[in-house]
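Heads up: numbering here begins at 1 and tracks the sequence.
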Amino acid sequence: MPDAPSDPTCIFCKIGTGQIPCHKLYEDETVLAFLDIGPLSHGHCLIIPKGHYVTIDQMPPEAVTACTRLLPGLSRAVVAATGCKGWNILQNNGKIAGQAVDHLHFHIIPRTAGDNLGYRWPAGKLDPAQAKVLVEEITRAL
Ligand code: AMP
Ligand code: ZN
């Protein structure tokens, strides 16, 4: 993408420019997909934009689209290669959400029975009054 931002100190920018090697799965002018070096499961891989964006709210929609358009095909390829029975797509924004590398990335994490990764989803109950306020606040900010 022309004029995409970059950060010379960023490890994923360095992978994007080829300064640091990776186990490459796919590359075009704007995105790169490669195996995660610390996999949570067999076949865990990452999709990054070549431009340096920390969190998704900083990205132009076309840079998001360039990454997300890979998700169906790369998911199919990972399923075909690993035989996994399901997979999680994860994208962490901010340290509190688990982001360790400050260059946006999508994880594809294959799941198999007994993989011990677990799944925490402690669902609450939406309060109707709070929902009304939230809808007003979020739609006003949109
Ligand atoms: P997150 O916690 O969402 O920021 O995830 C960062 C991911 O990047 C982790 O799963 C790391 O294992 C992975 N990672 C860090 N450095 C590299 C690298 N040089 N090559 C491939 N994956 C990496
Ligand atoms: Zn970067």
Side-chain angles (χ1 to χ4, degrees), residues 1-20 22-82 84-142:
M1 214 156 278
D3 303 326
S6 72
D7 176 346
T9 68
C10 166
I11 184 158
F12 282 4
C13 283
K14 288 181 185 170
I15 289 176
T17 56
Q19 290 168 263
I20 290 182
C22 69
H23 297 280
K24 193 189 297 180
L25 298 169
Y26 174 83
E27 180 173 27
D28 63 30
E29 314 140 357
T30 49
V31 301
L32 183 66
F34 52 97
L35 294 179
D36 194 297
I37 208 166
L40 290 180
S41 62
H42 185 58
H44 181 174
C45 55
L46 303 173
I47 299 170
I48 65 166
K50 286 193 174 171
H52 180 84
Y53 308 98
V54 180
T55 51
I56 201 161
D57 55 309
Q58 299 179 355
M59 288 178 81
E62 56 273 23
V64 178
T65 304
C67 291
T68 55
R69 60 187 283 282
L70 286 187
L71 287 170
L74 189 54
S75 293
R76 280 194 295 274
V78 168
V79 171
T82 67
C84 69
K85 299 298 178 210
W87 64 101
N88 293 111
I89 291 172
L90 179 66
Q91 193 274 304
N92 298 325
N93 295 278
K95 213 174 278 306
I96 197 163
Q99 183 173 13
V101 175
D102 281 344
H103 179 127
L104 183 130
H105 47 281
F106 289 87
H107 296 259
I108 296 180
I109 306 167
R111 302 300 303 264
T112 49
D115 62 16
N116 282 326
L117 287 178
Y119 190 72
R120 244 175 67 77
W121 194 272
K125 195 166 175 7
L126 184 62
D127 172 70
Q130 269 184 359
K132 190 168 181 293
V133 175
L134 268 174
V135 167
E136 278 165 15
E137 288 174 343
I138 294 172
T139 54
R140 198 181 318 126
L142 202 56

According to salt bridge (charged side-chain N to carboxylate O under 4.0 Å, His left out), does anything in [range] pair up with another residue at least two apart or in another chain? List the pairs.
range            : answer
residues 44-57   : Glu27-Lys50
residues 86-107  : none
residues 129-142 : Lys132-Glu136

Please table the atom pairs, donor to acceptor, closer than 3.5 Å between any side-chain atom in residues 108-115 and protein atoms at least two apart or in another chain.
{"residue": "Arg111", "atom": "NE", "partner": "Asp115", "partner atom": "OD2", "Å": "2.8"}
{"residue": "Arg111", "atom": "NH1", "partner": "Asn88", "partner atom": "OD1", "Å": "2.8"}
{"residue": "Arg111", "atom": "NH1", "partner": "Gly118", "partner atom": "O", "Å": "3.3"}
{"residue": "Arg111", "atom": "NH2", "partner": "Asp115", "partner atom": "OD1", "Å": "3.2"}
{"residue": "Arg111", "atom": "NH2", "partner": "Gly118", "partner atom": "O", "Å": "3.1"}
{"residue": "Asp115", "atom": "OD1", "partner": "Leu117", "partner atom": "N", "Å": "3.0"}
{"residue": "Asp115", "atom": "OD2", "partner": "Thr112", "partner atom": "N", "Å": "3.1"}

Rounded to the nearest 0.5 Å, what's the gap from [atom1] on [X] to [atom2] on [Y]? Could you check?
X      : Y      : atom1 : atom2 : result
Ser41  : Asn116 : OG    : CG    : 12.0 Å
His52  : Cys10  : NE2   : SG    : 5.0 Å
Tyr26  : Ile47  : OH    : CD1   : 10.0 Å
Leu104 : Thr55  : CG    : OG1   : 7.5 Å
Leu74  : Phe106 : CG    : CZ    : 12.0 Å
Cys22  : Leu46  : SG    : CG    : 9.5 Å

Quick one: closest heavy-atom pair of [X] and [Y], and the distance?
X     : Y     : result
Leu70 : Ala66 : CG-O, 4.1 Å
Ile89 : Ser75 : CD1-OG, 4.1 Å
Gly43 : Thr82 : CA-CG2, 4.0 Å
Asn92 : Gly98 : ND2-O, 3.7 Å
Pro49 : Cys67 : N-SG, 3.5 Å
Ile56 : Asn93 : N-OD1, 2.9 Å

Backbone of Pro8 reached by a side-chain donor or acceptor of Gln19 within 3.5 Å: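 Flag not set: sc Gln19 to bb Pro8 has no pair under 3.5 Å.
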Backbone of Asp36 reached by a side-chain donor or acceptor of His23 within 3.5 Å: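 No, the answer is negative, given that no donor and acceptor are paired below the 3.5 Å cut-off.
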Ring pair (Phe, Tyr, Trp, His ring centres under 6.0 Å) pairs, two or more places apart, involving residues 117-142: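 Sorted pair list: Tyr119-Trp121.
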Partners passing ring pair (Phe, Tyr, Trp, His ring centres under 6.0 Å) against His105 (at least two apart in sequence or in another chain):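 With neighbours one apart ignored, the set is Phe12, His107.
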Ile15 vs Phe34, side chain to side chain contact (heavy atoms under 4.5 Å, CB included): CA-CA, chis, key distance, verdict: CA-CA 9 Å; Ile15 289 176; Phe34 52 97; 4.1 Å; yes
